[in-house]
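Residue numbers start from 1 in every chain, and the chains themselves are labelled A, B, ... in the order their sequence lines are given, proteins ahead of strands.
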2 protein chains.
Amino acid sequence: MKDNNAKYVLLGLLSHNPMTGYDIKKSVATRMSYFWDLSYGQIYPTLKDLEKNKLITKKVEQNEKGQNRKVYTITDAGTKELQEWLAKPARKEVHKYEFLLKLIFGDQADFELNLKHIEEFKARNQRILQTMKLFEENVKPILNQSEAHFYVLLTVLLGKSISKASVEWAEDALKLLREHSGGEVKT
Amino acid sequence: MKDNNAKYVLLGLLSHNPMTGYDIKKSVATRMSYFWDLSYGQIYPTLKDLEKNKLITKKVEQNEKGQNRKVYTITDAGTKELQEWLAKPARKEVHKYEFLLKLIFGDQADFELNLKHIEEFKARNQRILQTMKLFEENVKPILNQSEAHFYVLLTVLLGKSISKASVEWAEDALKLLREHSGGEVKT
DNA sequence: TCTGCTATATATCAAATTGATATATAATTT
DNA sequence: AAATTATATATCAATTTGATATATAGCAGA
């Protein structure tokens, strides 16, 4: 079977709770919003694939009201596969900062435009920072309830640190840019 | 023609200097290493496409020794297209932290494994931090030589801030993890 | 000298991913 | 009553990735 990260995200999440594809999408979009993303185009085919290979099992919940929910549960083989993957070294981080792509060509644009890109980046990171602080507050009181919470906290703390550093950079960059553009050169 | 970021990376780089596809690959891999990546599979087809649409022009350098170099130069239409793109708001940042994917399922692994993932992340970021410091030192003395250098500096400063924050997080996380695993619970 | 390694340079392609869209129903808001 | 949001599954064209193929030059070391 194909060996992509999506496979292990699903196994990992299902190792905590049985879930539907829709649940998984939501889970990734909240818990992992800072550092990962999965589309339905990855989730549903991968669920099929995992089931075919007996790493998870499907149970169709007959629901009178609404769509039938297909709830997936991890198997022992699935748990083993997950643990083997966890033992392998991680690949290096991948980043895409589209705004830096625009900023690095800032000499081709005018001052206000460059300011705007930085300000929008700052605003995005302020929102993320707030979210991370909220997550932190929510997880800290329930740390003792489950071993898994501790690891969620670690990931949240990285998101918090980086978004904070990003906001601080933005403030410095705005200052530097204003000096660079506005400041007359003194004798 | 297709409208992807690769197109604008090429136009942006060619707005500074005429280059070959190979030069572009190297340029992205150094200047932009922190925040963007382009494969040959994007570069060569996009160069063809840009030339067909007269946003760049090709000049084949007849080289007795070695392969012929195809040097591309941006046109006025290309410059205009670049500037229009620069004026549009940037999309939000995309991150992939594979090690966090492993760490967030840390309850399924053992202590040493989780430590190892954090340590490797720390090492990666220490290397990046050093590179960014080097870039900073190299660019600062030549800031007055070209307007473009100032914008490169801004991007380098963000890479520096974030890799520094990442190293610091790693140190805190290692401490927290050791406490979490090793510390006996007191009355 | 020749062997292997690195650098220059262009090019392609299978496999994976993205982002959008389609379908259907329930619940909630206006 | 209509519109919007939420739940839930599914597909697919377009794009991106990562690897590989091809060819030549230059250099280090055995």
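B:Gly41 comes within 4.0 angstrom of a base, heavy atoms only. Using a 4.0 Å heavy-atom distance criterion, A:Lys25 is classed as making no nucleic acid contact.
Counting to the nearest Å, the P atom of D:dT9 and the CD atom of A:Glu61 are 10 Å from each other. If you measure from atom CG of B:Asp37 to atom P of C:dT17, you get 16 Å, rounded to the nearest angstrom. The distance between atom OH of B:Tyr44 and atom P of D:dT16, rounded to the nearest whole Å, is 18 Å. Between the P atom of C:dT17 and the CZ atom of A:Arg91 lies a distance of 9 Å, rounded to the nearest Å. Distance CD (A:Gln42) to C1' (D:dA10): 14 Å, rounded to an integer number of Å. Remark: C1' of D:dA6 and NZ of A:Lys26 are 8 Å apart, rounded to the nearest angstrom.
Both tests hold for B:Lys25 against B:Tyr40: distance to the six-membered ring centre under 6.0 Å, angle to the ring axis within 45°.
Listed nucleotides: C:dA9, C:dA11, D:dA6. Nearest to the side chain of B:Tyr40: C:dA11. Taking every side-chain heavy atom of B:Lys96 into account, C:dT18 is the closest of D:dT16, C:dT8, C:dT18.
Look at A:Asn4 and you'll find a side-chain N or O under 4.0 angstrom from OP1 or OP2 of C:dT17. Phosphate contact (OP1/OP2 of D:dT11, side-chain N/O of A:Lys48, threshold under 4.0 Å): present.
In this structure, A:His95 has its ring center at least 6.0 angstrom away from the ring center of A:Phe35.
Toward the 5′ end of DNA chain C lies the nearest nucleotide of B:Asp23, the other residue of the pair B:Asp23 and B:Ser39 mapping further downstream.
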